[in-house]
Each structure stands twice: as C-alpha cells, then as structure tokens.
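Only one structure is covered here, and it is reproduced in the block below.
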Amino acid sequence: MQEIFNIFIKSIFIDNMVFAYFLGMCSYLAVSKTVNTSVGLGLAVIFVLGITVPVDYLLNEFVLKEGAMAWLGPEFVDVDLSFLSFILFIAIIASMVQLVEMIVEKFSPALYASLGIFLPLIAVNCAILGGSLFMQEREYQNIAEATSFGLGSGVGWFLAIVGIAAIREKIRYSNVPPALRGLGITFIITGLMGIAFMSFLGIKL
Amino acid sequence: MSTEIKEREPLFSPKNMKLLTTPLNLSNPITVQVLGICSALAVTAKLMPAIVMSISVLVVMAASNVVISLLRNGIPPRIRIIVQLVVIATMVILVDQVLKAFVYDVSKQLSVFVGLIITNCIIMGRLEAFAMANKPWPAFLDGIGNAMGYGIILIIIAFFRELLGSGTIFDFRVIPQGAYDFGYVNNGLMILPPMALITVGVIIWIQRYYTRELIEEN
C-alpha cells in the first residue's frame, strides 16, 4: 500500500512529466493561455492517463513482454513481441480516447461541452504515450502500481499547466521585451518552474 | 480533358527550394510553429544523442511524408489520423530497430524518446498541413526542410549544453586543463532539464530580435 502511495507522490513531484521529461509540451504551450481551458485539458489528461496506463500494463504483461504469452501454452514461451509495443500502445490510446469521448458525450454532456476539442487532441499528446512507455521501461510490479503511476503523472501535468496558465494571465500586464513576448517568456518561466520543482529531487521515498 | 501538356516544373525550382529553406528560420518548427518540443528538449544534454535524434526524425519525416502524399487520394478523411499514425509508427519501429542494432549505447540514452517520435507533433502537423494536399516530391522536400529546421535547433542547444555543462564536445575535452586549474568550474545546471527550456527561450529571443516580423502581440 505504501509503495503505491510513494509512486503516486513521486510521479507528481519528482518525475513530473512536464518539468523532468518535457512530455506534452506542445499542448502545454498551446493551451495555457487561460486558466479555464487549461483546467479542462488537465482533467482530460488525468482521466485518459488513468485509463490507458493500466490497460497498456495488462497488454504488456500478457501479450508483449518476452515470455508473456506463456498462458497460451508451452509453445509460446519464447515469443517476444516487444518490438510491436509502439504501434499497439498508440492504437490502444487512440481507441481509448475515442471510447472515453463517446462515454463522456453520452453520460455528461456538460463535461463533454467543456472538454470539447481537447479530448481528441489528447491522442497525440506525448505525455500519454510517454506514460505507457515509462511504465514499460520501469517495470512496475502490479496493476495497482501502474494505475497510481498513471494518475500521478496526470495530476503532475495538471498542476504544471494550471500553474503556467495562471502566470501567463498575470504576465499580460507586465512589460516584457518585445522579442521575448509570447513564446519566449513562456519557455523561460517554464524553465524557472522546473528549477523550483527540482527542489523535490532530494526527497527519498 | 484538355490535351495541353502542362510544362514540367524543374525539380529544384525556386518554389521547391523555398520549401527547404523557410523552415530553417521563418517557419522553424520549434521556435515559430511550436511543434515537437517534447523530444527536442529531452535529448539535448549531449551532442551525440541530439544528432542521432535529428537524423531519426529526418528519416521518419521524409519517408512518412512521401507515403502519405502517395496515398493522399485514397485515404478517407474520417480515419486519416489513424492511417497517419500507423504509417508513422511503422517508420519509427524501423528506425528504432536500426538504432538498436547499430548504435546500441545511444539508443539506450534516447530511451523512450525514439518511440515518442510517433507523437511528435511536427510529423503529424506536416502530414496534416502539407502531405495530405501535395505531390510526393514537394512533400519530400517539405519533410526534409522541417526536419532540418528541427535538427538545427537541437544541435545548437546540445552544443551549448554540452560545452558549458560538461566542458566537452562529442565527449572530447575542449576546455583546457589550465582553465580548471585556474578555478573554472563546469556549470552543472546546464545538464539539468530546466536549462534546456531556458536555452530555447534565449534562442527564440535572439531569433526574434533579428527577425522582427515574428514578434507577437502581447
């Protein structure tokens, strides 16, 4: 139980998707102009990461890993399909996003209206595929650990995008050098936020 | 059908050359279009991985641009995203296997970022914006041009981060021992992730200072 909690905290603060690995930077920079939209996108990312990471974990454990097909019979023990993981993960992500979109549309039209265009965009958000690939690389022990890693990474991404959106709303009133306006200053602020997040590095969990 | 034969456009006509050169500065994928930042920043602590990454992106991009451009009339618009993803993913798997076979060390350093070329927005973006509507040859040039614009930024960032952070270029020591004896210290901050962002910020600053038309309204 404690291990699961540790993974959750670790993936929010120490291995933060944006500040430590730069994943999902494209939508992070493009959608962080106002706090409202960034909250919507952040929630959608938490949601999708929380679903796709465990599903990809099961896929990796029972189909892709070397020897994972052993449950089919002894002749499958040597099968190693790990070279297929990119294409299968991205297929799972694309279909999950589609599925989530349909479910949300059916059961909560209000949420669907507020997430709107962001849901389909998430399929090509590198944070989602990155979550699955890190899950594969770090070899989590069971599905609970994988789920807590997925949710934690989502929450970390959410914090990052809401933080930068709030700063960008304020910075509109400041006198930024013309050549740095917009993109340039956002990069530099993100770098400074990253340095701040690095202070979590020393924490041993 | 008119029987008139349209005059063939030369391979390297001015229009085609423009496809190659504008992404280097005026429509640079990283500093202007803001595409493909994710992988660009994570692999730039050393020059070697940055160059391998640029070449991988160049190959994937040119190949998938040509394939999609050849298929463009046969792809139903509703499922085009999935078709594009499949084409890109196939190319990335090929590149990944080649890297693992020939430069295993670098491939280990790049870790998940080779796989993340699939969701690299530059590739999807160029497929959507250009290859779906143009002939294979311009699409090929567009792919090469954008990948070079991406690679140039990667190499500039990696050069400064490796030089200032580790005092080396391609792992060869370039800062003389005398400087260290004199009290010079490598700036350890440069190797850490946040400095990559700040380096890009400074590159954008310099680029826009000299290219006034890129300056954004506040």
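So you know, we letter chains A, B, ... as the sequences are listed, proteins then strands, and number each from 1. Worth saying up front: this structure is predicted, and the values here are computed from it rather than measured.
- Contact of A/Met193 with chain B is not made at all, since no heavy-atom distance falls under 4.5 Å.
- For the atom pair CD1 of B/Ile93 and OG of A/Ser85, the computed distance is 7.5 Å after rounding to the nearest 0.5 Å.
- For a residue to count as touching a neighbouring chain, one of its non-hydrogen atoms must lie under 4.5 Å from one of that chain's; by this rule B/Gln97 touches chain A with the side chain only.
- With contacts defined as side-chain heavy-atom distances shorter than 4.5 Å, the pair B/Arg208/A/Leu183 qualifies.
- Looking at A/Ile90, only its side chain comes within 4.5 Å of chain B, counting heavy atoms on both sides.
- Ranked by heavy-atom pairs under 4.5 Å with chain B, the list A/Pro178, A/Ala127, A/Ala94, A/Ser95 is led by A/Pro178.
- More than 12 heavy atoms of other residues, nucleotides or ligands lie within 6.0 Å of CZ in A/Phe200, so this atom counts as buried by the packing criterion.
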Quick one: side chains of residues 188-206 of chain B, donor-acceptor pairs under 3.5 Å with protein atoms, not counting sequence neighbours, listed by atom name and distance.
residue, atom, partner, partner atom, Å
B/Thr199, OG1, B/Met195, O, 2.5

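- Counting non-hydrogen atoms of neighbouring residues, nucleotides and ligands closer than 6.0 angstrom, the OH atom of B/Tyr180 exceeds 12 such neighbours.
- Within the 4.5 angstrom heavy-atom criterion, atoms from both the backbone and the side chain of A/Ile188 approach chain B.
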